[in-house]
Amino acid sequence: MGNTQFDPRPLATERTLDPTRIPAHIAIIMDGNGRWAAARGLPRAAGHRAGLEAVRRTIDACRDCGVRVLTLYAFSTENWRRPADEVAALMRLTGEAVVDEAAELVRGGVHLRLSGDLSALDPTLREQLEQLVALTQPNRNLVLNVAYNYGGRAEIVSALRKLAEEVAAGQLAPGGINETQVNAHLYTSGLPDPDLLIRTGGEQRLSNFLLWQVAYAELYFCDVFWPDFDRTHLLAALADYQHRRRRFGGVEDE
Ligand code: IPE
Ligand code: IPE
Ligand code: MG
C-alpha cells in the first residue's frame, strides 16, 4: 500500500474531542438506504429497516457527546414520488419504530419533536407520533427532531402564510416581520440553528432540507451509506467540525 493512503490524524474518540466545542445541534440527511440494500441484493425496504439501527446508534452517540438537538431527515415532501410500495414500507416502519422505541426514548431522556406536515399522514400513524411527542415532552437529555413529510420550501411557505394571516387580522404590522418572527413560525421554532449538517450516501446536496436554518451550518458529506453509519463516523464528523473556523461573515478573532 502506498504512503498516500496514510492519514496521519489519529482516529477521533470521545476523549480527543474538545468538550467545549461540541455542536449544540446536528442535522443529518440519512441517505443511502436503497443503495445499501441493492449492494446486498435486498429490497430497498431492507435498507430502510437497517437504517433504523443507525438511528439508534446515532441517538446514543449524540447523547454521550453532549449534543443537545439532533434533527434527522426521515421523509421528505418529495419522497411521495417513490413507488407506492416503498412509501408504504417507510410508513409501516415508522409505525413500528414508534411502538418499539418508545421505552428506549423515555429511558434515555430523549424528547421527540416532529418537523413537517403531519396532516398528510395516515391518522393512526399521526396519532401514534403525537402521543410519543407528548410522552417524551418532559425529557431533557436530547431533543430528537424528526423531519417527517418535511420540505424546506413548504416550511417557509407555511410560515409566510401564518404571518400573512396575522397581518390580515391586524395583529402584526408588515414592518414587524423580521427574522425572529419568521423563526417563530417555522416547524423548528425554539430550536437553535444546526451547527453541523451531515449527509451520508455520497451526494452533496440539500434536497430541500432546512433551507432557512442551515444559513451558517458547517457542511459535512460522507460516502458511507446510512445503514453503515456508526459512532466512529459521527466522531470523525465532530473532529472535522472542530477544525473549522466559523466566521459568520466576520473576521478571524485570533
Ligand atoms: C434515504 O435513503 C432514506 C429516505 C429517503 C427515506 P434512500 O432511500 O434515498 O437511499 P438511496 O439514496 O436510494 O440509496
Ligand atoms: C433526502 O434523500 C431525503 C431524506 C433523506 C429523507 P433523497 O434520497 O430523497 O434525496 P435525493 O432525491 O437524492 O435528492
Ligand atoms: Mg437517496
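Atoms within a ligand are numbered from 1 in the order they appear, just like the ligands themselves. Since this is a predicted model, take the numbers as computed values, not measurements. Basis for what follows: all heavy atoms, side chains included, without hydrogens, waters or symmetry-related copies.
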### Message
With nothing but distance in play, are any N or O atoms of Leu90 less than 3.5 Å from an N or O of ligand 1?
### Response
no
### Query
Can you list the atoms of ligand 1 that are under 4.0 Å from a heavy atom of Ala74?
6 (C)
### Message
Taking Leu90's backbone N and O only, do any of them form a donor-acceptor pair with Thr94's side chain (distance below 3.5 Å, no angle check)?
### Response
yes
### Message
Taking ring-ring contact (aromatic ring centres under 6.0 Å, His included) as the definition, give me every residue that meets it alongside Phe221, ordered by chain and number, with sequence neighbours left out.
### Response
none
### Message
For a 4.5 angstrom cut-off between non-hydrogen side-chain atoms, does Thr58 reach Asp60?
### Response
no
### Query
Are Arg81 and ligand 2 in contact, using a heavy-atom cut-off of under 4.0 Å?
no
#### Entry: SB check Arg35 Glu203 (cutoff 4.0 Å)
yes
## Note on the structure
Closest to the Mg ion (ligand 3), among the N/O/S atoms of Asp31, is atom OD1
### Query
Looking only at atom types and distance, does a side-chain atom of Thr200 sit under 3.5 Å from a main-chain N or O of Asp31, one as donor and one as acceptor?
yes
### Check: Ile26 and Ile198 side chains under 4.5 Å, non-hydrogen atoms
yes
### Query
Is Ile28 close to Leu197 at the side-chain level, that is, under 4.5 Å between some pair of heavy atoms?
no
### Query
Which residue holds the protein heavy atom closest to atom 14 (O) of ligand 2, what is that atom called, and what is the gap in Å?
Ser207 OG, 2.6 Å
### Query
Does the side chain of Asn145 come within less than 4.5 Å of Leu114's, by heavy atoms?
no
### Message
I'd like to know if Arg126 and Glu130 make a salt bridge, using a cut-off of under 4.0 Å between side-chain N and carboxylate O.
### Response
yes
### Message
Using heavy atoms and a 4.0 Å limit, tell me yes or no: is Arg35 in contact with ligand 2?
### Response
no
#### Entry: For atom 6 (C) of ligand 2, the protein heavy atom that lies nearest, with its residue and separation
Tyr73 O, 3.3 Å
### Query
Looking only at heavy atoms, what is the nearest atom pair of Gly47 and Ala37, with distance?
N-CB, 3.7 Å
#### Entry: N or O pair under 3.5 Å between Arg44 and ligand 1
yes
### Query
Counting only heavy atoms on the protein side, is anything nearer than 4.0 Å to atom 12 (O) of ligand 2?
no
### Message
Are any of the N/O atoms on Asn33, whether in the backbone or the side chain, positioned under 3.5 angstrom from an N/O atom of ligand 1?
### Response
yes
### Summary
Closest to atom 9 (O) of ligand 2 among protein heavy atoms sits Asn79 ND2, 2.9 Å
### Message
Looking only at protein heavy atoms, which one is nearest to atom 5 (C) of ligand 2, and what is the separation?
### Response
Met30 O, 3.5 Å
### Message
For Arg205, which part has a heavy atom under 4.0 Å from ligand 2: side chain, backbone, both, or neither?
### Response
side chain
### Task
Report yes or no: does Gly32 have a heavy atom closer than 4.0 Å to ligand 1?
yes
### Task
Apply salt bridge (Lys or Arg N to Asp or Glu O under 4.0 Å) to the pair Arg81 and Glu78, showing each step before the final yes or no.
CA-CA 6 Å; Arg81 293 179 188 156; Glu78 288 71 35; 5.0 Å; no
### Task
Taking only heavy atoms of Phe75 into account, list the atoms of ligand 2 that are under 4.0 Å away from them.
6 (C)
### Task
Using a strict cut-off of 4.0 Å, indicate which atoms of ligand 1 neighbour a heavy atom of Asp31.
1 (C), 2 (O), 7 (P), 9 (O), 10 (O), 11 (P), 12 (O)
## Note on the structure
Among Glu86, Glu203, Arg82, closest by heavy atom to atom 4 (C) of ligand 1 is Arg82
## Note on the structure
protein heavy-atom neighbour closest to atom 10 (O) of ligand 1 works out as Gly34 N, 2.9 Å
